[in-house]
Protein chains: 2
Amino acid sequence: MELRQLRTFRVVAERLHFTQAAEELHLAQSSVSAQIRLLEEELGVALFDRIGRRILLTEAGETLLQYARRMETMDREIRHELRQDEQIAGALTIRIPETVAAECIPPVVERFHARHPRATLSFINCDDVRLREELNTGRIDLAFLLTDEVALPNVTVEPLRSEPLMLVAAPGHPLAAGGAVTSAMLQEATLLHMRVD
Amino acid sequence: MELRQLRTFRVVAERLHFTQAAEELHLAQSSVSAQIRLLEEELGVALFDRIGRRILLTEAGETLLQYARRMETMDREIRHELRQDEQIAGALTIRIPETVAAECIPPVVERFHARHPRATLSFINCDDVRLREELNTGRIDLAFLLTDEVALPNVTVEPLRSEPLMLVAAPGHPLAAGGAVTSAMLQEATLLHMRVD
DNA sequence: GTATAAAATCGTTGGAAGCGATTGAAGACA
DNA sequence: TGTCTTCAATCGCTTCCAACGATTTTATAC
């Protein structure tokens with residue numbers, strides 16, 4: 001006895017018509033007959049009374065129909081429940097510079113939540129230098145950094161993309177006068193910039 | 001997904017060992033692997049975590065195990081319940097001459113009851129001539145007759161066997177004197193005999 | 001008696017399920 | 001560190017079963 005046979009039996013039992021059942025199941029009528037015959041042989045019981053060219057459920061058929069429906073319901077339940085199990089669930093804690101977060105995070109969060117509704121994301125500003133310890137202890141799961149390069153043992157680092165570094169000054173500022181800006185000139189200026197640990 | 005696959009999965013899940021499960025199921029280990037792989041592909045979910053050469057149930061696997069057990073239980077229930085359904089149940093009412101009943105019925109009833117415990121038999125003495133009406137109205141289901149022949153419309157009649165007709169007399173009776181007995185002699189005698197309608 | 005409808009049956013074929021052998025990977029242990 | 005053992009995955013092969021189309025059988029309608 002297999003679920004395939006029970007499904008076929010259920011359709012035949014509901015329609016009381018082999019040919020129509022075969023159409024609904026996209027099978028040949030002979031295949032439906034064969035499945036029912038094997039089922040009856042295995043269970044050692046007639047499931048249908050063949051009255052002329054009409055068929056009727058036997059008492060055993062009625063009993064089996066109840067079970068067949070329960071089996072099919074359970075089959076659907078399994079698939080539904082497993083679909084929840086396969087959903088990614090849990091919490092991710094992520095360090096990310098606020099300036100990057102402000103620009104990139106909202107659309108990413110939206111798509112992530114749409115795909116994994118049972119997972120939650122937490123963001124923390126990236127002002128802590130003890131990244132490796134935080135990653136290894138599990139306090140954070142992931143970090144985005146604005147930096148040249150990072151080499152940390154036991155931490156996987158992957159460059160995502162490059163960003164141009166721009167010098168921006170007020171119109172009246174001496175550095176805005178035009179001409180090349182040397183690193184010596186920058187040393188004397190007051191700079192507003194991201195700290196890179 | 002078929003019951004065969006669920007049974008295989010259940011055994012693997014309980015033993016957490018493909019090779020041992022294959023032995024229990026009388027299958028080759030490769031067949032067990034194939035069944036589990038197909039099940040995982042169809043459900044779109046990993047059922048086991050392969051940690052080195054150990055296997056563990058995933059969350060989805062735990063869920064499926066519950067269902068697999070319920071399915072197998074239901075399978076057993078079906079077969080058990082159908083075994084009751086296939087038993088012949090009901091009541092048979094039978095007319096039979098008392099003399100025949102006394103000789104033949106006890107062993108027949110014993111065997112019949114052993115084979116069909118849920119069916120009951122009732123016997124009525126065969127002194128009613130309205131057999132056909134009784135059969136057609138369902139008052140009786142079956143009748144045994146001691147007679148030459150019966151021709152009743154809508155009633156199936158089947159000869160079972162022939163019985164010799166014996167003349168028995170007391171030792172001092174005139175008919176016991178010896179010599180041939182003619183029908184004329186019988187007409188004058190007082191006979192104790194079964195009435196044949 | 002003829003036509004029609006429906007299930008049963010038969011012979012054929014493609015695909016799936018099982019098998020044995022091999023590979024690959026991970027522990028166990030010297 | 002290297003070897004051995006264990007176990008699941010994989011591969012190629014074979015067998016068998018399930019589906020199919022065609023035909024037969026049976027019963028009902030006309």
Side-chain angles (χ1 to χ4, degrees), chain A residues 1-62 64-65 68 71-72 75 79 154, chain B residues 1-62 64-65 68 71-72 75 154 156:
Chain A
M1 186 170 67
E2 292 297 338
L3 292 178
R4 176 178 44 78
Q5 293 172 301
L6 287 178
R7 196 174 319 121
T8 298
F9 165 74
R10 199 253 311 154
V11 174
V12 175
E14 285 173 351
R15 303 215 165 213
L16 292 177
H17 202 292
F18 278 62
T19 306
Q20 289 177 18
E23 281 172 19
E24 178 174 336
L25 292 162
H26 304 291
L27 289 177
Q29 171 258 319
S30 56
S31 304
V32 174
S33 283
Q35 282 195 39
I36 300 297
R37 182 171 52 77
L38 286 176
L39 203 51
E40 288 180 320
E41 281 176 13
E42 179 184 347
L43 297 175
V45 106
L47 299 172
F48 295 100
D49 279 326
R50 277 79 164 174
I51 310 290
R53 69 195 200 195
R54 286 241 175 89
I55 58 172
L56 290 176
L57 274 176
T58 61
E59 198 179 335
E62 292 280 3
L64 185 61
L65 180 56
M71 287 280 211
E72 285 190 82
D75 183 317
R79 290 165 201 275
N154 279 340
Chain B
M1 186 169 68
E2 294 297 338
L3 291 179
R4 176 178 42 80
Q5 293 173 301
L6 287 178
R7 194 173 321 122
T8 299
F9 165 74
R10 198 252 312 155
V11 174
V12 175
E14 285 173 350
R15 302 214 166 216
L16 293 178
H17 203 290
F18 279 61
T19 305
Q20 289 176 18
E23 282 172 20
E24 179 174 336
L25 292 163
H26 304 292
L27 288 177
Q29 171 258 318
S30 56
S31 303
V32 174
S33 282
Q35 281 196 38
I36 299 296
R37 182 171 51 78
L38 286 177
L39 202 51
E40 289 180 319
E41 282 176 12
E42 179 184 348
L43 297 175
V45 104
L47 299 172
F48 296 98
D49 279 327
R50 278 79 165 173
I51 310 290
R53 69 192 199 197
R54 286 242 175 89
I55 59 173
L56 290 176
L57 273 177
T58 61
E59 198 178 337
E62 293 280 3
L64 186 62
L65 179 55
M71 287 280 212
E72 285 190 81
D75 183 318
N154 279 339
T156 303

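The sequence lines fix the lettering, A, B, ..., with proteins before strands; numbering per chain opens at 1.
Using a 4.0 Å heavy-atom criterion, one finds that Thr19(B) contacts the sugar-phosphate atoms exclusively. Nucleic acid contact for Ser30(A): base, since at least one base atom lies under 4.0 Å from a heavy atom of the residue.
The interatomic distance linking Arg50(A) (CZ) with dT25(D) (C1') rounds to 14 Å, in whole Å. Put simply, CG on Leu38(A) is 12 Å from P on dA8(C), counting in whole angstrom units. Between the CG atom of Leu25(A) and the C1' atom of dA18(D) there is a distance of 14 Å, rounded to whole Å. The CD atom of Glu2(B) sits 12 Å away from the P atom of dG18(C) (whole-angstrom rounding). Look at CD on Glu40(A): it is 13 Å from P on dA7(C), rounded to the nearest Å. Atom CD of Gln20(B) and atom C1' of dC7(D) are 11 Å apart (whole Å). One can place CD1 of Ile55(B) at 12 Å from C1' of dA9(D), the figure rounded to the nearest angstrom. Atom pair Phe48(B):CZ and dA9(D):P shows a separation of 9 Å (rounding to whole Å applied).
Checking dA7(C), dA8(D), dC19(C) against the side-chain heavy atoms of His17(B) singles out dA8(D) as nearest. Residue Phe18(B) places its side chain closer to dA9(D) than to any other of dA7(C), dA9(D), dT9(C). Of all nucleotides listed (dA18(D), dG18(C), dG21(D)), dG18(C) comes nearest to the side chain of Leu27(B). The side chain of Ser33(B) sits closest to dA8(D) out of dA8(D), dT9(C), dG18(C).
Checking Gln29(B) against Ser33(B) by side-chain atom types alone, a donor-acceptor pair falls below 3.5 Å.
The two residues Ala68(B) and Phe9(B) make their nearest non-hydrogen contact at CB-CD2, 4.3 Å. The two residues Phe48(B) and Glu40(B) come nearest to each other via the heavy atoms N-OE2, 3.4 Å.
Remark on DNA chain D: of its neighbouring residues His26(A) and Arg54(A), the 5'-side contact belongs to His26(A), judged by nearest-heavy-atom nucleotide. Toward the 5' end of DNA chain D, the nearer of the two residues Gln29(B) and Gln35(A), judged by each one's closest nucleotide, is Gln29(B).
Residues passing the side chain to side chain contact (heavy atoms under 4.5 Å, CB included) test with Arg79(A), sequence neighbours excluded: Asp75(A), Arg83(A), Met1(B), Glu42(B), Leu43(B).
Rounding to the nearest 0.5 Å places CZ of Arg15(B) at 9.5 Å from CZ of Arg10(B).
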